[in-house]
Amino acid sequence: MLSELDFSPSEAHAGFMKVLNRHLSVATIDAQGCITYANDHFCEISGYPRAELLGQHHNALSSGIHPSDFFKSMYEMALAGDVWQGDICNRAKNGLIYWLQTTIAAIWDADGILTMLVAIGTDVTAQKKKYEQLELLQVCIERTNDVIVITEAEPIDLPGPRIVYANQAFETLTGYSREEVIGKTPRILQGPESDRAPRDRIRTALSQWKSIREEILNYTKDGQKFWAELEISPIANEAGWFTHWIAVQRDITQRKANEEQALKLAFYDSLTGMANRRLLIDRLTQAIASASRTGLAGALLFVDLDFFKTINDTLGQNAGDKILKLVAQRLNSCVREGYTTARLGGDDFVIMLEDLSVDATQAALSVEELGNKISAAFMPPYQIDGKDYWISASLGATLFGPDRPLVDDLLKQAEIAMYAAKVAGRDILRFFDPRMQQAIDARVAMQDGLGLALKRREFQLHYQIQVDRAGKAVGAEGLIRWSRPGLGLVPPGQFIPLAEETGLIIPIGLWVLETACAQIKIWQQHEATRHLTLSVNVSVIQFQAPDFVELIRAVVTRHGIEPTRLMLELTESIMVKNVTETISKISELKTLGISTSLDDFGTGYSSLQYLKKLPLAQLKIDQSFVHGMLDDDREKSIVHTIVVLAQSMGMDVIAEGVETQEQYQLLLTEGCVKFQGYLFGRPQPLGQFEQNLRQG
Ligand code: C2E
Ligand code: CA
Ligand code: CA
């Protein structure tokens, strides 16, 4: 082969030696293990001059890291005629070790006597080090308590980067085996409560090849939640390409639980779980700000147990704590969601109500309603150690509106009101504001009185005349009055809303109807009054009763009156609910011969769509337009429009609240048909009304 090449064997030998000297370490040792030859490379790498090496035992180069039988087995193999191959670690003159990937062969002379061992080695120190480091790293990664997951770099979006490595800690924490997750995406750790926001931030960071740290909620294979502090970084290869992501997760579930616990301790009462003073003050500050924006009043209700100290002292603190817990449960069961229940300490509880009403009295009524609920909830006895104990509470309330009161002032006010309740005999609610207290007292008294008024025959019907364009009487509107003992005549505006709220409007409204029909019956029997119609006001509550039409028919029949003499005044609120039913009820009434008028027209909810479908007999122009039309062109044009509208739909139109001649004249010009107001007569008791009728 060589002879075919274009150089001589000696040239080839010289070239070979050159390469050998540059890249390979060559040495020979004799049968005693002493070095007999070392090439340049060998000298260089060991750091010894050749003269120092020759004749030395090769042990002089020993690094000491090989086990004692390492060289023995090497010898045995070489001497057996085999080539030995392996990595030998030597120590250079400067003390540092180096690695040679070595091939060793024995050479014998013709007589079969060993002449030398030839060792040819390549320097693999660098690779060895790298490999060792890798191995070290892998062991570390395996052993660390942090969860380490390596994924491919792409894709970031669905289905997400695939896992190529996960360490032991991953298996321990998540319950997934590595085999299971390799090739899947880390999304498998997400669960129903994992928050979107951190995941979105992670995705954004990844798309920009940035590192990111987040705290996220993950799930184990069997669905257990755990909190992880996650740090993800991109890994680039030598060429600078990002090839992988490394994600390091630390289990911070305990820390999170501690934080939550700390938060609880800071803001909640540990005994009852209610808000503590700090949280209450926090929420109250917000509620005050919100009330000043919305105008909706809120309230503080101070709840203090009656004689709790005595119970605590006689039964001991444990029993006292049990009672406080039960009290908290009862209080919580009374309040609606959104209200704050707090325990300030001891037996002092506070309930904060929000967004009650723009009207202070209305707001106070809601507080009073809650107060009643609480009193009722406190009625049943508390069972402690098999025995029953009755405990009542004194309640103090204060309202806050848009005027931005101070938090401390409000708490003080509620407490002062609570003391007033104690003074007043306990187990009741007192308001801080005496006017509020009066309003509540008055209302409670009115409600009690109203319930008895029918039985006590305290209602009266007054009559206000209605005239035509010529000023001739055509009818009257019946308006209820309540003659309250000691308080005189109470106008309907003061008690009808309460009657509506309590449902008393049903029997009261029936009384009005009966009275009106009885009157029509009498009028029918006299020539002078036979033509009069009598209008009565019907509350939407009455109208909505399923048997409303039937009830009207029954009353009309019972009194044996001409149904066309009765007119029912309804307000636009009847159109808000169930329009179909409204239409059918009014139609049925019409069939019975009873006409309907739409009272206060123009002030409420009016849809021309519906109006067209309602077989009404009359529109009643609200008095506000009548009062305003002389000074205000807009009001005047509304009056004009209503008159035209009524005409176009074939309805009668009446103006109420006519007080002056000018108003009357203008209404006449506008084409209005009927009129009612102080100009023609005030609402009067029957006797006066009939007297005026005869005179007019
Ligand atoms: P309404 O049906 O709009 O009654 C007209 C109100 O205007 C009456 O007040 C009447 O006294 C008053 N009024 C009449 N002419 C004039 C005037 O020229 N100028 C002024 N400023 N006011 C005038 P009242 O009697 O206090 O009744 C108030 C409201 O109470 C009534 O308003 C009606 O909604 C309700 N109401 C009265 N009686 C009954 C009833 O029997 N049942 C029901 N459900 N509501 C009733
Ligand atoms: Ca009316
Ligand atoms: Ca009216």
Side-chain angles (χ1 to χ4, degrees), residues 267 274-303 331-344 349-377 395-418 420-421 429-444 446-447 493-502 540-541 571-573 576-577 600 603-605 624:
F267 290 109
M274 283 177 158
N276 64 11
R277 179 184 287 270
R278 193 165 149 195
L279 182 57
L280 175 72
I281 289 174
D282 229 56
R283 297 230 177 118
L284 186 54
T285 311
Q286 285 171 27
I288 290 171
S290 139
S292 78
R293 272 195 317 272
T294 60
L296 293 166
L300 279 191
L301 185 62
F302 204 106
V303 180
L331 286 175
N332 281 332
S333 73
C334 290
V335 303
R336 352 187 261 252
E337 217 178 302
Y339 291 172
T340 299
T341 51
R343 176 171 171 247
L344 302 189
F349 295 89
V350 169
I351 300 174
M352 185 181 81
L353 300 84
E354 282 181 85
D355 295 339
L356 293 175
S357 168
V358 283
D359 176 52
T361 313
Q362 210 51 50
L365 287 169
S366 308
V367 178
E368 131 111 0
E369 198 181 307
L370 176 62
N372 290 337
K373 225 167 152 186
I374 291 174
S375 296
L395 313 180
T398 191
L399 298 179
F400 55 93
D403 47 342
R404 286 190 168 270
L406 296 176
V407 166
D408 282 350
D409 288 354
L410 282 178
L411 280 168
K412 236 173 266 158
Q413 287 174 7
E415 196 173 0
I416 289 170
M418 182 275 292
L429 165 67
R430 294 276 96 171
F431 278 84
F432 173 73
D433 183 343
R435 284 166 306 170
M436 218 33 80
Q437 189 61 47
Q438 276 162 20
I440 295 290
D441 290 349
R443 172 166 154 133
V444 171
M446 183 183 276
Q447 192 168 330
Q494 283 181 26
F495 65 88
I496 292 289
L498 183 58
E500 288 179 325
E501 229 170 89
T502 54
V540 65
I541 310 277
T571 54
E572 289 166 281
S573 53
V576 177
K577 260 202 211 160
D600 307 338
T603 57
Y605 173 92
S624 62

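Given the structure is predicted, the values throughout are model-derived calculations rather than measurements. Nothing fancy with the numbering, it's 1 onward along the sequence.
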Apply side chain to side chain contact (heavy atoms under 4.5 Å, CB included) to residues Arg283 and Met352 and explain how you reach the verdict. CA-CA 9 Å; Arg283 297 230 177 118; Met352 185 181 81; 3.8 Å; yes

Looking at Ala291 and Gly401, what are the two nearest heavy atoms and their distance? CB-O, 3.7 Å

Rounded distance [0.5 Å steps], CG in Leu331 versus CE in Met274: 4.5 Å

Could you work out, with side chain to side chain donor-acceptor pair (under 3.5 Å) as the rule, every residue matching Arg443, not counting sequence neighbours? Glu501

For Phe302 and Ile416: C-alpha separation, side-chain torsions, deciding distance, then whether side chain to side chain contact (heavy atoms under 4.5 Å, CB included) applies. CA-CA 9 Å; Phe302 204 106; Ile416 289 170; over 6 Å; no

Would you check if Asp355 and Ser290 make a side-chain contact, meaning some heavy-atom pair closer than 4.5 Å? yes

Report the distance from atom CG of Leu399 to atom CG of Leu410, rounding to the nearest 0.5 Å. 9.5 Å

Have Asp600 and Thr571 got a donor and an acceptor in their side chains that come within less than 3.5 Å? no

Hey, could you give me the OG1/CD distance between Thr502 and Glu500, rounded to the nearest 0.5 Å? 9.0 Å

So Ile351 and Ile374, do their side chains get closer than 4.5 Å, heavy atoms only? yes

So, taking the atom named CG in Leu280 and the one named CG in Leu300, what distance separates them when rounded to the nearest 0.5 Å? 6.5 Å

Can Leu411 and Ile281 be said to form a side chain to side chain contact (heavy atoms under 4.5 Å, CB included), step by step? CA-CA 9 Å; Leu411 280 168; Ile281 289 174; 4.2 Å; yes

Residues Ala342 and Asn276: closest non-hydrogen pair is CB-O, 4.4 Å

Non-neighbouring partners of Asp433 that pass salt bridge (charged side-chain N to carboxylate O under 4.0 Å, His left out), sequence neighbours left out: Arg435

Can you see which heavy atom on Ser357 is nearest to which on Gln362, and at what distance? OG-CB, 3.4 Å

In short, Ala287 meets Glu354 closest at the heavy-atom pair CB-OE1, 3.4 Å

Nearest 0.5 angstrom please: Leu395 CG to Leu370 CG, how far? 8.0 Å

List the residues meeting side-chain contact (heavy atoms from CB on, under 4.5 Å) with Val444, not counting sequence neighbours, and say none if there are none. Glu368, Ile440, Asp448

Is it true that Gln413 and Thr398 share a donor-acceptor pair across their side chains at a distance under 3.5 Å? yes

Are the side chain of Ser375 and the backbone N or O of Gly371 linked by a donor-acceptor pair below 3.5 Å? yes

Hey, does Asp403 have a side-chain heavy atom less than 4.5 Å from the side chain of Ser292? no

Does the pair Phe349 and Leu301 meet the rule for a side chain to side chain contact (heavy atoms under 4.5 Å, CB included), with working shown? CA-CA 8 Å; Phe349 295 89; Leu301 185 62; over 6 Å; no

In Å and rounded to the nearest 0.5 Å, what is the SG to OH distance from Cys334 to Tyr339? 12.5 Å

Under the 3.5 angstrom rule, does the side chain of Gln437 hit a backbone N or O of Phe431 as a donor-acceptor pair? yes

